[in-house]
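This report concerns only the one structure given below.
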There are 2 protein chains.
Amino acid sequence: MSTSGSQVSHPGKVSFDEVKEIFSNHLTEHNLRRTPERFAILEEIYNRTDHFDAEALYIHMKTSNYRVSRATVYNTLELLVNCDLITRHQFGKNLTQYEKSYGFKQHDHLICVECGKVIEFCDPRIQQIKSTMGELLHFDVLYHELNLFGRCKDGCK
Amino acid sequence: MSTSGSQVSHPGKVSFDEVKEIFSNHLTEHNLRRTPERFAILEEIYNRTDHFDAEALYIHMKTSNYRVSRATVYNTLELLVNCDLITRHQFGKNLTQYEKSYGFKQHDHLICVECGKVIEFCDPRIQQIKSTMGELLHFDVLYHELNLFGRCKDGCK
DNA sequence: TTGTGTGCAAAAGCTTTGCATGTTG
DNA sequence: CAACATGCAAAGCTTTTGCACACAA
């Protein structure tokens, strides 16, 4: 689904240990417990390449014979969003999708309305819009989401 | 909730007759029926000023003693999206929101993560991003959604 | 008159919550 | 061992669907 082009810079290898430590520190700082489930979910996510939703994550872990509950999956996704290890998206449907974000350059999405394909891209002008509008409207802009919806010119494959 | 600044150009008065005719034509062109419910919903929407969701619209019509069903509300919202009389949004929640769009300049949204306030803005650079990326990635970009999330600098009022 | 549109209620899909049990610190 | 996290199932919310009846064309 998600594709990279010259405009998407994926990171040099990010060591999972590094990610794990960030999460671990976050848990400590917030007096939360380091449970095996939380780390298993983090690992599952960082083994994925694509955008995913909570249910898909849950199902994949179940079929891998890992015993988790939906409640824990949702709970952990929330924690991971809070420490910026994943980001939340809604690509025009009432379904929350996630993607891992540590070490990845900020990017936006182009979504094919026909086949659902999601392409990532970067454009520096979005940063300019954020600072211009923040200033003009007296807002501290924390983050943004830009989705372009369209159709693959070469047909959907 | 929704506010306009110098960067948001709201239309000169749009006559509701004009809007109604657009809808009417759309229905005819697609061999759909001109039912009183459909026009009542359109009118209800064009009397509103804000972003709204399907349930709020439904409830408001019910309390105004207009007999409609949720099914019809959802059905009609779909039709109105199709003929560009309203646009669909998701401001970071699993709840579809709508706003009337005929005669309104294309704009994007700044959402306060604390108080939920939605401010509209226009920035021409978004058009440039759309054409650049469409070309580069072989996509016909049909529409987009840009949401900036942040906090009111002056506190939320 | 014919078939599309409607209302109502039930079902579906995603997410959250309550409660008893398990486990971390 | 006390508080927090988990699993499970039930409940909550938004949206969709099925079906009998109504009504636009």
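Quick note on labels: first sequence line is chain A, next is B, and so on, each numbered from 1. Being a predicted model, the structure only gives us computed values, none of them experimental. Heavy atoms only: backbone and side chains are in, while hydrogens, waters and symmetry mates are out.
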Please check the phosphate of D:dT15 (OP1 and OP2 only) for any side-chain N or O of B:Tyr74 closer than 4.0 Å.
-> yes

Check the distance between D:dT14's C1' and B:Leu57's CG and give it to me in whole angstrom.
-> 14 Å

Report yes if a side-chain nitrogen or oxygen of A:Asn94 is closer than 4.0 Å to either non-bridging phosphate oxygen (OP1 or OP2) of D:dT15; otherwise report no.
-> yes

Round to a whole Å and report the spacing from NZ of B:Lys93 to C1' of D:dT15.
-> 16 Å

Side chain proximity check, A:Phe121 to A:Leu148, heavy atoms < 4.5 angstrom | yes

Assess the pair B:Phe52 and B:His60: is the distance between their ring centroids shorter than 6.0 Å?
-> no

Atom CG of A:Leu79 to atom P of D:dC4: distance rounded to whole Å?
-> 14 Å

Checking all strands, does B:Asp53 fall into the base, sugar-phosphate, or nothing category for heavy-atom contacts under 4.0 angstrom?
-> nothing

When rounded to whole Å, the CZ to P distance for the pair B:Arg70 and D:dC13 reads 12 Å

Please name the pair of heavy atoms, one in A:Arg38 and one in A:Phe23, separated by the smallest distance, quoted to 0.1 Å.
-> O-CE2, 3.7 Å

When we call it a touch if two heavy atoms are under 4.0 Å apart, what does B:Lys62 touch: a base, just sugar-phosphate, or nothing?
-> sugar-phosphate

Classify the side-chain pair B:Tyr102/B:Glu18 by whether it contains a donor and acceptor separated by less than 3.5 Å.
-> yes

Does A:Asn75 put a side-chain nitrogen or oxygen below 4.0 Å from OP1 or OP2 of D:dA5?
-> no

Picking from D:dA3, D:dT17, C:dT4, which would you name as closest to the side chain of A:Arg33?
-> D:dA3

A:Gln97 atom CD is separated from C:dC14 atom P, nearest whole Å, by 11 Å

Rounding to a whole Å, what distance do you find between A:Glu29:CD and C:dG25:P?
-> 15 Å

Is the shortest side-chain N/O distance from B:Thr96 to OP1 or OP2 of D:dT14 below 4.0 Å?
-> no

OP1 or OP2 of C:dG7 sitting under 4.0 Å from any side-chain N/O of B:Thr72?
-> yes

Calculate the interatomic distance between B:Leu80 atom CG and C:dG5 atom P; express it in whole Å.
-> 14 Å

Have A:Gln97 and A:His109 got a donor and an acceptor in their side chains that come within less than 3.5 Å?
-> no

Do the side-chain N or O atoms of B:Arg67 get closer than 4.0 angstrom to the phosphate oxygens (OP1, OP2) of C:dC8?
-> yes

Hey, does the side chain of B:Thr35 come within less than 4.0 Å of C:dT6's phosphate (OP1/OP2), counting only N and O?
-> yes

Interatomic distance, A:Leu95 CG vs D:dT16 C1' [rounded to whole Å] | 16 Å

The side chain of A:Arg34 lies closest to which of these nucleotides: D:dG7, C:dG25, D:dA5?
-> C:dG25

Would you say a side-chain N or O of B:Arg38 is under 4.0 Å from OP1 or OP2 of C:dT6?
-> yes

